[in-house]
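Following this message is one structure expressed as structure tokens.
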Amino acid sequence: MSGAASKTERAPVSAESLQIWHPFTRAVEMQELPRVVRGEGAWLITDDGRRILDGISSWWVNLHGHGHPRIAEAIGEQTRRLEHVLLAGFTHEPVERLAEELRRVVPAPLEHIFFSDDGSTAVEVALKMAVQFWRNSGQPEKNEIVALEHGYHGDTAGAMSVSDDSLFTAAFAGMRFPVRRAHSAYCYRCPVGLKRESCHIECADSLEGILREHGDSIAAVIVEPLLQGAGGMIVHPVEYLQRIRALATKYNVLLIADEVLTGFGRCGRMFATELAGIVPDLMCLSKGLTGGFLAMGATLVTGEIYNSFSAPEPERAFWHGHSYTGNPIACAAAVANLEIFRTEPVFERIAKIASIHEERLPEFARNPAVGDVRAIGSMAAIELRAGDAGYLSALRPKLYRFFLEKNILLRPLGNVIYVLPPYCIEATDLHRIYDTIEEGIHLQ
Ligand SMILES: Cc1ncc(COP(=O)(O)O)c(C=O)c1O
């Protein structure tokens, strides 16, 4: 069926005709929804022939471009051979190859990999493993979690508990487990009122205070390393993450690095923790793991953590799994993704994006409508000064629609406009995004 024929058969989707419940979308905000029929590099192509530039990698998942042939072929081939088999009591070549490929790029101490379905489940697994590790080690009282202000780790119950209080979590207060919360290094809105140029990362003292007082009951600290995404694309100083690592070690708690967003090159190195020169005890991966083709999560842990689960007593085992754990098709996509890192100049592309961010951000920093600009690797963010900050700021839907009318997909987080493109984006297209943002900020 041709694109044109399918267009005539299908009415445009609108809020009124809505049967599909769209994520993070209020029905009242929905106008007509573009119907995407194809993806090509950094572009999304709709059934009426529109070409929309994907400035946020389709919620931060796409790495090398939509429809990258190597991943598409790997998926096709694997589908014909073996679509799925349970991973409990079985193994298969794609999962073994993926384990090998991942072990080449993650820090050596992260020896063991537990596969799950997405970012939220990778976080759930990490939280449960951290708590059970202490139980298995004879310290069951160490079962609390410390997380950061402005953190976001997903929408399932545990991931939502460790995420900061927000509009997203407000309805679920009763079902979130209690978490101790430490300051984030949000330099633009410094939680301790200092200036980055002259501070000594005093914001990390709040974590030290919590660990000093409650370390005996704490299992782990969970952080989004160097870049807090959904909380507003907040970039942390490297020293802050290094200090967190040192504090976790000092007070004998595990460090969980949620690299669901930052993994696979987003911050300019394969992992954000690598950029800071630290190794966490547990690492959560998803989003870019399959290059943005299929949902998959992974939680990596040290040998010490794994070994605590391997004693013969049944209560020591990790009783957790998902139907599609280690799905062979997702594994094949992830293997192809990691091969692309080896065979294409991916880090040169990321460096090119970073250099354009560096070139374009200063002009925004001088704009009186802009409060802060920040960047790390392929991500750049522009925080506007608008009075009603927060996810539901009045400006957000206006900006979103304005960008979409210009055929650019950007989804500001409140008053924070950010760019996080697939690595294959052409320089001229990235400049076009910046030119359009420049126009957009005058909407206020
Ligand atoms: C840092 C981080 N952790 C976890 C998640 C949850 O991932 P998913 O949406 O795949 O469940 C996200 C999603 O944006 C994220 O940014």
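We're numbering straight along the sequence, starting at 1. Please read these numbers as outputs of a predicted model, since none were measured by experiment.
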From CZ (R266) to CG (L63), nearest 0.5 Å: 5.0 Å
Shortest non-hydrogen separation from A122 to G297 and the atoms involved: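 Nearest heavy atoms, A122 then G297: CB-CA, 4.3 Å.
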Nearest-0.5 Å distance that lies between atom CG in L207 and atom CD1 in I201: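 That separation rounds to 13.0 Å.
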Straight-line distance of I376 CD1 to L420 CG, nearest 0.5 Å: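 One finds 11.5 Å between CD1 of I376 and CG of L420.
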Non-hydrogen atoms of S378 and H357 that approach each other most closely: O-NE2, 2.8 Å
Within the 6.0 Å centroid threshold, strictly below: F341 and F347: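 Yes, they do, as the ring centres are separated by less than 6.0 Å.
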P94 vs V335 side-chain heavy atoms within contact, under 4.5 Å: no
R70 bridged to E344 by N-O distance under 4.0 Å: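 Between E344 and R70 there is no salt bridge, as every charged N stays at least 4.0 Å from the carboxylate O atoms.
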Salt-bridge criterion met for R180 and E213 (N-O under 4.0 Å):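 No.
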I234 side chain near Y188 side chain, heavy-atom distance below 4.5 Å: no
Near-ring test Y324/F115, centroid separation under 6.0 angstrom: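 No, they do not, as the ring centres are separated by 6.0 Å or more.
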R196 with E239: basic N within carboxylate O range, under 4.0 Å: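 The answer is yes: the pair qualifies as a salt bridge.
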Presence of salt bridge, R360 and E363, under 4.0 angstrom: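 Judged by the 4.0 Å cut-off on N to carboxylate O distance, E363 and R360 do form a salt bridge.
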salt_bridge(D165, R176) N-O dist < 4.0 Å: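 A salt bridge is present here (some side-chain N lies under 4.0 Å from a carboxylate O).
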Crowding at CD, E438 (>12 non-hydrogen neighbours, <6.0 Å):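 Counting neighbours around CD of E438, more than 12 heavy atoms of other residues, nucleotides or ligands fall under 6.0 Å, so yes.
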Salt-bridge present (R243, D205; N to O < 4.0 Å):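 Yes.
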Minimum heavy-atom distance between I382 and L361, given as atom pair plus value: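 Minimum heavy-atom separation between I382 and L361: CG1-CD2, 3.8 Å.
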More than 12 heavy atoms from other groups under 6.0 Å of CZ on R411: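 Correct, the count exceeds 12.
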Working for side-chain contact (heavy atoms from CB on, under 4.5 Å), residues Y251 and I210: CA-CA 10 Å; Y251 291 96; I210 292 169; over 6 Å; no
Validation row: Y152, L413 side chains within 4.5 angstrom (heavy atoms): no
Minimum heavy-atom distance S116-A298, with the two atoms named: OG-N, 4.2 Å
Heavy-atom pair of closest approach, residues I433 and G55: CD1-CA, 4.0 Å
Main-chain N/O of P368 paired to R385 side chain as donor or acceptor, under 3.5 Å: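 Judged by distance alone, yes, a pair lies under 3.5 Å.
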Pairs touching residues 274-293 that satisfy side-chain hydrogen bond (donor to acceptor under 3.5 Å, both in side chains), sequence neighbours left out: R245-D281
L241 and H236, any side-chain heavy atoms less than 4.5 Å apart: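 They are not in contact (no side-chain heavy atoms under 4.5 Å apart), so the answer is no.
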Rounded distance (nearest 0.5 Å) linking atom CG of L194 with atom NE2 of H200: 10.0 Å
Side chain to side chain, E359 and H431, heavy atoms closer than 4.5 Å: yes
Between S58 and N62: side-chain donor-acceptor atoms closer than 3.5 Å: no
T46 OG1 to R35 CZ distance, which is reported to the nearest 0.5 Å: 10.0 Å
Working for salt bridge (Lys or Arg N to Asp or Glu O under 4.0 Å), residues R432 and E426: CA-CA 10 Å; R432 200 160 76 81; E426 297 286 339; over 6 Å; no
Gap separating the CD1 atom of I350 from the OH atom of Y423, nearest 0.5 angstrom: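 So the gap between those two atoms works out to 4.0 Å.
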From CA spacing to verdict: side-chain contact (heavy atoms from CB on, under 4.5 Å), V416, E383: CA-CA 4 Å; V416 179; E383 179 160 348; 4.0 Å; yes
E304 atom CD: more than 12 heavy-atom contacts under 6.0 Å: no
Within-4.5 Å side-chain heavy-atom neighbours: T299 and K128: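 Side chain of T299 against side chain of K128, heavy atoms only: no contact under 4.5 Å found.
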Short side-chain to backbone donor-acceptor contact, Q242 and A276, under 3.5 Å: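 Here the side-chain-to-backbone pair exists.
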Worked check of side-chain contact (heavy atoms from CB on, under 4.5 Å) between M129 and L254: CA-CA 10 Å; M129 281 180 174; L254 300 173; over 6 Å; no
For the student: nearest non-hydrogen atoms of A159 and L127, plus distance: N-CD1, 4.3 Å
Any F177 side-chain heavy atom under 4.5 Å of I145 side chain: yes
Close side-chain approach of K142 to F133, heavy-atom, < 4.5 Å: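 Answer no - side chains too far apart.
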Any donor-acceptor N/O pair, D164 side chain to H150 backbone, under 3.5 Å: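 Confirmed, D164 side chain pairs with H150 backbone.
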Residue of the set I425, I52, D429, N407 for which side-chain contact (heavy atoms from CB on, under 4.5 Å) holds with W43: D429
Over 12 non-hydrogen atoms of neighbours within 6.0 angstrom of CD in E439: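 Check passes, neighbour count above 12.
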No-hydrogen, no-angle side-chain donor-acceptor test under 3.5 Å, E259 and T262: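 The answer is yes; a qualifying pair exists.
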